[in-house]
Amino acid sequence: MDNSEIAQVFEELAILSEMKGDVVFKVRAYQRAARTIEQLSLSLEKAVSDEVDLKTIPGVGSAISSKIKELVTTGKMETYEKLASELPPGVLTLMNVPGIGPKTAMLVATELGASTVEEMESAILAGRLSALPRMGEKTAENILRHIRSLRSKDGRTPIGQALPIAESIIASLREACPDVREMEYAGSLRRWQETIGDIDIMGTAHDAQPIIDALASLPSVQQVLVKGPKKTSVVVHPGIQVDLRIVDDDSYGALIQYFTGSQQHNVRLREYAVQRGLSLNEYGITVLETGTLEKFADETSFYGRLDLPLIPPEVREGMWELDIASRGDMPYLLELSDIRGDLHVHSNWSDGRDSIEDMVGTLAAKGYQYMALTDHSAGLGVANGLSIERLRQQRTVLDTVQQGCPMKLFHGSEVDIRADGSLDYPDDMLAELDVVIASVHSGLGQSSEKMTARIINAMHNPHVTAIGHPTGRLLGTRDAVEADMEALLQAAADTGTAMEVNASPWRLDLKDTHITRARELGVPLIINTDSHATEEPEAMRFGVAIARRGWCEPHHVLNTMPLERFQAFLSTPKPQRLRVFAGLG
DNA sequence: GCCGTTTTCGGCCCGACTGTTTTCAGTCG
């Protein structure tokens, strides 16, 4: 049972507990635990078997700690089972509909006998819902609308799709309204979560009305939901909600802080503020004793008023960031400008769109010191993988391109890890390459045991520099392979194999919690774009952001090394090269 | 159910919006 499954049980336990009528604080405790568990880098299953004290996890005390242990060891939780059996079947399902909370779900299940969304729908159509206490025609209509919108779209949007939309809306609004001063996206987008619920745009201007009008009249807008003086909401193609808020300059700091969240971070920040006699809201900070509202033009001064440094949006998840920041221990997190090379790049020699020369030119223009050309190996026929002969030819071509190129060009390959764990080129061929990225592309349905052993086997090869896109997931399209991530990361640390953070916004693989764990175990990380065309090296910013969510500093990431040190790393045999990575070699 | 430079007991974040109501419950972020 993995962490997200455990988190799911606590999320549902919170709902059941609320329906039963438990005090809200108990409900919130379950909720908070669920959200913390979801973010945890360490597998709880492993923590329990290692007898780690779970009470060190924020929001986990003795009761929740023993519930986790029960769940991990028996696969069940008595409290949950008992509550679920006492309540009408299907109540949890009903809550998937927006606008339906625990109270309404209970009412619908008990009074109307509905246990599925379909049964609820027909009860509403028969007019039975609006007859209930505190329910009316409007409520019934709204629920029906939500049921229908639930069917028409599938939840959250991958960040790679949402971010360009947000950026283009901001550009359009700035162009249409020169009066706009500050303007940026907030919410989960600004925290670089891998998927986005809706797009929040915040800004300042002398007059909000022209901006609101400009948004409502953008060609991509499908529907205007709310058009008020303070808040405007529209739906843009392809069905993403965009909220816009415009305030005066002097309130912008509190506004952007509030709407960046996360909710959990804001809850903790407000608790922290209350202890200091201050109350926070989206307008500013109120001194409780005097009732005066202080305003802040930017986030730095907002956090500063709480004696805190600016906490980077990527780590505002309500975990330990507040403790770390208040101790003065907030590290310098990796920036895009720290990246000195890209080590996973394809050309039209395999399945890339553009020539070696064009790819090299694009990367050199970014000011990188080095790159690795890593076309696919022969086994990947669908990707026009390179035979040994073509691979050697490519080397001579690359040597020619290197002439007069200011950037060091490494010759590499993205070598397929076959189903049995062997690699697609013989060792003597691999030894000729500067950089070897070993990746799984087929046999993705293997059992966890097989897949784990398969990847670890590749790590034991002395020529394998890194494992590429380790879980193989495609956001919203393909699930991660079954594998024991803890075992993989441990093996990476033991063998001196780097793990890739694939920056493609459709992959983001490793993901944030894996990155945190890798960092804790001393595994070298490499952030690569896996580019197949000249516009794709831009994706490096996604990789850097996801690494920041994993609290990466430059020294956790291999391709922040200056060229000379990176060459020293490559030329030192595994696993001794870890000493070079750690700055000891 | 959690937690402690106020506390081992008594607190526990803040506000907007909606729809149903005559003062507020439910939901959301």
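Keep in mind the model is a prediction, meaning the values are calculated, not measured. Below, chains carry the letters A, B, ... as their sequence lines are ordered, and counting in each starts from 1.
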- Please collect all ring-ring contact (aromatic ring centres under 6.0 Å, His included) contacts where either partner lies in residues 296-317 of chain A, sequence neighbours excluded, each pair once.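 Found Phe296(A)-Phe302(A).
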- Task: Sorted by first residue and then second, give each ring-ring contact (aromatic ring centres under 6.0 Å, His included) pair with at least one member in residues 240-292 of chain A; sequence neighbours left out.
- Result: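 For residues 240-292 of chain A, and leaving out neighbouring residues, there are no ring-ring contact (aromatic ring centres under 6.0 Å, His included) pairs at all.
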- Query: Residues two or more places apart in sequence or in another chain: which of them pass side-chain contact (heavy atoms from CB on, under 4.5 Å) with Val72(A)?
  - Reply: Ile6(A), Glu45(A), Val48(A), Ile68(A)
Give me the distances for all protein-to-nucleotides 13-19 of chain B N/O pairs that come in under 3.5 Å?
{"from": "dC13(B)", "atom 1": "OP1", "to": "Arg28(A)", "atom 2": "NH1", "distance (Å)": "3.3"}
{"from": "dC13(B)", "atom 1": "OP2", "to": "Glu271(A)", "atom 2": "OE2", "distance (Å)": "2.6"}
{"from": "dC13(B)", "atom 1": "O2", "to": "Arg270(A)", "atom 2": "NH1", "distance (Å)": "2.1"}
{"from": "dC14(B)", "atom 1": "OP1", "to": "Ser279(A)", "atom 2": "OG", "distance (Å)": "3.1"}
{"from": "dG15(B)", "atom 1": "OP1", "to": "Asn281(A)", "atom 2": "ND2", "distance (Å)": "3.1"}
{"from": "dA16(B)", "atom 1": "OP1", "to": "Tyr283(A)", "atom 2": "OH", "distance (Å)": "3.3"}
{"from": "dG19(B)", "atom 1": "OP1", "to": "Asn142(A)", "atom 2": "ND2", "distance (Å)": "2.7"}
{"from": "dG19(B)", "atom 1": "O3'", "to": "Thr139(A)", "atom 2": "OG1", "distance (Å)": "3.1"}
{"from": "dG19(B)", "atom 1": "N2", "to": "Arg134(A)", "atom 2": "NH2", "distance (Å)": "3.0"}

- Base partner of dA25(B), which must satisfy Watson-Crick or wobble distances under 3.5 Å: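 In the structure as shown, dA25(B) has dT18(B) as its Watson-Crick or wobble partner.
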- Write down the distance separating the C1' atoms in dG15(B) and dT22(B), rounded off to the nearest Å.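 Nearest-Å result for dG15(B) against dT22(B) at atom C1': 22 Å.
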- Task: Using ring pair (Phe, Tyr, Trp, His ring centres under 6.0 Å) as the criterion, list what pairs up with His469(A), not counting sequence neighbours.
- Result: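 In terms of ring pair (Phe, Tyr, Trp, His ring centres under 6.0 Å), with neighbours along the sequence ignored, His469(A) is linked to His441(A).
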- Message: Which residues pass the ring pair (Phe, Tyr, Trp, His ring centres under 6.0 Å) test with Trp192(A), not counting sequence neighbours?
- Response: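 By the ring pair (Phe, Tyr, Trp, His ring centres under 6.0 Å) rule, Trp192(A) matches Phe542(A).
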- Pairs meeting criterion salt bridge (charged side-chain N to carboxylate O under 4.0 Å, His left out) with involvement of residues 95-113 of chain A, two or more places apart: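 Passing the test, one end in residues 95-113 of chain A: no pairs.
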- Sequence neighbours left out, what pairs pass salt bridge (charged side-chain N to carboxylate O under 4.0 Å, His left out) with at least one residue falling in residues 78-98 of chain A?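 Of all non-adjacent pairs touching residues 78-98 of chain A, those that pass salt bridge (charged side-chain N to carboxylate O under 4.0 Å, His left out) are Lys82(A)-Glu86(A).
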- Item | Exercise: do Asp53(A) and Thr56(A) side chains pair donor with acceptor under 3.5 Å |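 Asp53(A) vs Thr56(A): no donor-acceptor pair found between side chains.
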- Message: Would you say Thr195(A) and Arg156(A) are linked by a side-chain donor-acceptor pair, where the criterion is simply a distance under 3.5 Å?
- Response: yes
- DNA chain B: Lys55(A) or Pro133(A), which has the more 5' nearest nucleotide?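 In this pair, the answer is Lys55(A).
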- Proximity to DNA chain B (any heavy atom under 4.0 Å), residues of residues 100-120 of chain A only: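 Here the set is Ile100(A), Gly101(A), Pro102(A), Lys103(A), Thr104(A).
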- Message: Within residues 306-320 of chain A, which residues have any heavy atom lying less than 4.0 Å from an atom of DNA chain B?
- Response: none
Between the protein and nucleotides 8-11 of chain B, list the N/O to N/O atom pairs that are separated by less than 3.5 angstrom.
none

Donor-acceptor contacts under 3.5 Å from residues 17-31 of chain A side chains, at least two apart:
{"from": "Ser17(A)", "atom 1": "OG", "to": "Asp22(A)", "atom 2": "OD2", "distance (Å)": "2.8"}

